[in-house]
Enquirer: 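What follows is a structure written as structure tokens; I'll ask about it next.
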Amino acid sequence: MNQRTAIALSIVFPLYLVVITLTNFSLTGFWTDLVFSIALSILAMLLVFKYKSTKTGLTIAVRITNMACVLAAAGFLLLRLNNPFIADTFKLRSFYFQTVDGRLFNAYFKPVGAYSGGEGNFWITESPMYFPIIEWPVYYDRTVHWNFREDIQEGVPADNYAVVRRYIREYVIEKGK
């Protein structure tokens with residue numbers, strides 16, 4: 001790897017980790033942050049073992065930064081996998097992508113069963129129109145009473161996309177005015 005790539009990764013990876021852990025911003029998609037973190041970790045590990053510069057200080061700084069980022073990403077992954085409810089996240093029904101009034105939204109549904117008082121958790125995120133690879137949450141309901149896993153509700157075919165559009169209009173756009 002060349003020196004520019006090493007320095008760029010040593011700057012971008014820590015910034016990425018800070019943004020996804022300390023802000024509400026995330027990459028679009030529920031598992032995208034995890035996959036991107038693993039990919040950056042693999043690149044950083046390759047860089048730690050392969051990168052050598054004529055400047056010893058730069059080599060040490062790049063290696064320490066990348067190893068710290070790899071350890072942080074692994075720690076976040078272990079904390080995520082250590083959660084006893086991790087199996088529930090695999091039931092996630094996601095990506096009801098909608099464009100409403102010229103704004104981009106994604107909706108996610110995670111069934112949680114009877115213990116929550118509803119069908120599951122439901123949240124809506126918004127992405128900027130000109131940079132749609134990031135998103136931030138704009139609505140969350142932990143006890144939604146609509147089962148987005150089913151295409152038939154009470155014997156009638158259900159359009160889950162229309163329901164998502166209604167939620168976006170009612171709880172995000174109208175409440176934001």
Side-chain angles (χ1 to χ4, degrees), residues 11-43 69 72-177:
I11 293 170
V12 169
F13 197 16
L15 287 175
Y16 167 75
L17 289 176
V18 166
V19 168
I20 65 168
T21 56
L22 300 179
T23 67
N24 280 336
F25 290 100
S26 173
L27 292 175
T28 300
F30 187 73
W31 290 99
T32 311
D33 288 326
L34 181 67
V35 171
F36 195 69
S37 296
I38 291 171
L40 281 176
S41 295
I42 291 169
L43 282 174
C69 289
F76 294 143
L77 177 63
L78 288 175
L79 286 174
R80 182 83 173 148
L81 293 176
N82 196 24
N83 183 350
F85 299 108
I86 189 69
D88 286 344
T89 60
F90 291 113
K91 298 175 189 172
L92 182 76
R93 178 86 180 254
S94 68
F95 250 58
Y96 288 106
F97 175 76
Q98 294 289 316
T99 302
V100 179
D101 294 343
R103 295 165 63 182
L104 304 175
F105 296 95
N106 292 305
Y108 301 92
F109 174 73
K110 181 174 74 168
V112 291
Y115 60 86
S116 72
E119 295 291 337
N121 298 328
F122 177 70
W123 64 98
I124 299 171
T125 63
E126 186 172 2
S127 295
M129 181 64 80
Y130 297 107
F131 194 63
I133 63 169
I134 63 169
E135 66 184 7
W136 57 88
V138 292
Y139 174 77
Y140 179 76
D141 185 1
R142 70 177 193 86
T143 58
V144 70
H145 294 287
W146 184 268
N147 190 348
F148 288 92
R149 291 181 298 173
E150 301 295 328
D151 294 328
I152 296 177
Q153 301 283 338
E154 298 175 3
V156 179
D159 183 5
N160 288 328
Y161 289 96
V163 174
V164 168
R165 273 191 302 279
R166 183 177 55 83
Y167 268 92
I168 291 169
R169 286 194 193 283
E170 186 175 331
Y171 294 105
V172 178
I173 295 175
E174 295 297 324
K175 299 269 182 177
K177 288 184 179 179

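Just so you know, these numbers come straight off a predicted model, no measurement behind them. Only heavy atoms go into these numbers, but all of them, side chains included; no hydrogens, no water, no symmetry mates.
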Enquirer: Once the angle between the rings of Tyr171 and Tyr139 is folded into 0 to 90°, is it parallel (under 30°), tilted (30 to 60°) or perpendicular (over 60°)?
Expert: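 Ring orientation of Tyr171 relative to Tyr139: parallel.
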Enquirer: Would you say that Val163 contacts Phe148 through its side chain, given a criterion of any heavy-atom pair below 4.5 Å between the two side chains?
Expert: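 Heavy-atom side-chain distance check passes, below 4.5 Å.
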Enquirer: With side chains defined as the heavy atoms from C-beta onward, is the minimum distance between Tyr167 and Val144 less than 4.5 Å?
Expert: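 A side-chain contact under 4.5 Å exists here.
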Enquirer: To the nearest 0.5 Å, what is the distance between OG1 on Thr21 and CG on Asp33?
Expert: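 Result: 10.0 Å between the selected atoms.
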Enquirer: With Phe36, which residues qualify under ring pair (Phe, Tyr, Trp, His ring centres under 6.0 Å), at least two apart?
Expert: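 Phe36 satisfies ring pair (Phe, Tyr, Trp, His ring centres under 6.0 Å) with Tyr16 once adjacent residues are dropped.
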Enquirer: What is the minimum heavy-atom distance between Phe13 and Ser41, and which atoms define it?
Expert: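 That closest heavy-atom pairing would be CZ-OG, 3.5 Å.
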Enquirer: Can you label the angle between the Phe25 ring and the Trp136 ring as parallel, tilted or perpendicular, going by 30° and 60°?
Expert: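 Perpendicular.
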Enquirer: With sequence neighbours excluded, what pairs up with Arg103 under the side-chain contact (heavy atoms from CB on, under 4.5 Å) test?
Expert: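 Checked Arg103 against side-chain contact (heavy atoms from CB on, under 4.5 Å); matches are Phe105, Glu126, Val172, Ile173.
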Enquirer: In sequence, state the C-alpha distance, the side-chain angles, and the governing distance for Asn121 and Tyr108, and then conclude on side chain to side chain contact (heavy atoms under 4.5 Å, CB included).
Expert: CA-CA 8 Å; Asn121 298 328; Tyr108 301 92; over 6 Å; no
Enquirer: Search all heavy atoms of Trp146 against all heavy atoms of Ala158 and return the closest pair with its distance.
Expert: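 That would be CZ2-CB, 3.7 Å.
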Enquirer: Between CZ of Phe122 and OH of Tyr140, what distance do you get to the nearest 0.5 Å?
Expert: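 Reported value, rounded in 0.5 Å steps: 11.5 Å.
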Enquirer: Can you name the nearest heavy-atom pair linking Leu27 to Glu135, along with the distance?
Expert: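 Closest approach of Leu27 to Glu135, heavy atoms only: O-OE2, 3.6 Å.
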Enquirer: Distance check, rounded to the nearest 0.5 Å: Thr125 atom OG1 versus Ile134 atom CD1?
Expert: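 Thr125 atom OG1 to Ile134 atom CD1 measures 10.5 Å (nearest 0.5 Å).
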Enquirer: Would you give the length of the straight line joining atom CG of Asn147 to atom CD1 of Ile152, rounded to the nearest 0.5 angstrom?
Expert: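 Result: 12.0 Å between the selected atoms.
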Enquirer: How long is the span from the CZ atom in Arg165 to the CG atom in Asn160, to the nearest 0.5 Å?
Expert: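 Rounded to the nearest 0.5 Å, the CZ-CG separation comes out at 10.5 Å.
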Enquirer: Quick one: pull up SG in Cys69 and CG in Leu43 and give me the separation to the nearest 0.5 Å.
Expert: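 Nearest 0.5 Å value for the SG-CG distance: 12.5 Å.
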Enquirer: Identify the residue among Phe97, Tyr96, Trp123 that makes a side-chain contact (heavy atoms from CB on, under 4.5 Å) with Asn106.
Expert: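 So the option named by the test is Phe97.
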Enquirer: Using a 4.5 Å cut-off on heavy atoms from C-beta on, say whether the side chain of Pro132 contacts that of Thr28.
Expert: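 In short, these two side chains do not touch, never coming nearer than 4.5 Å.
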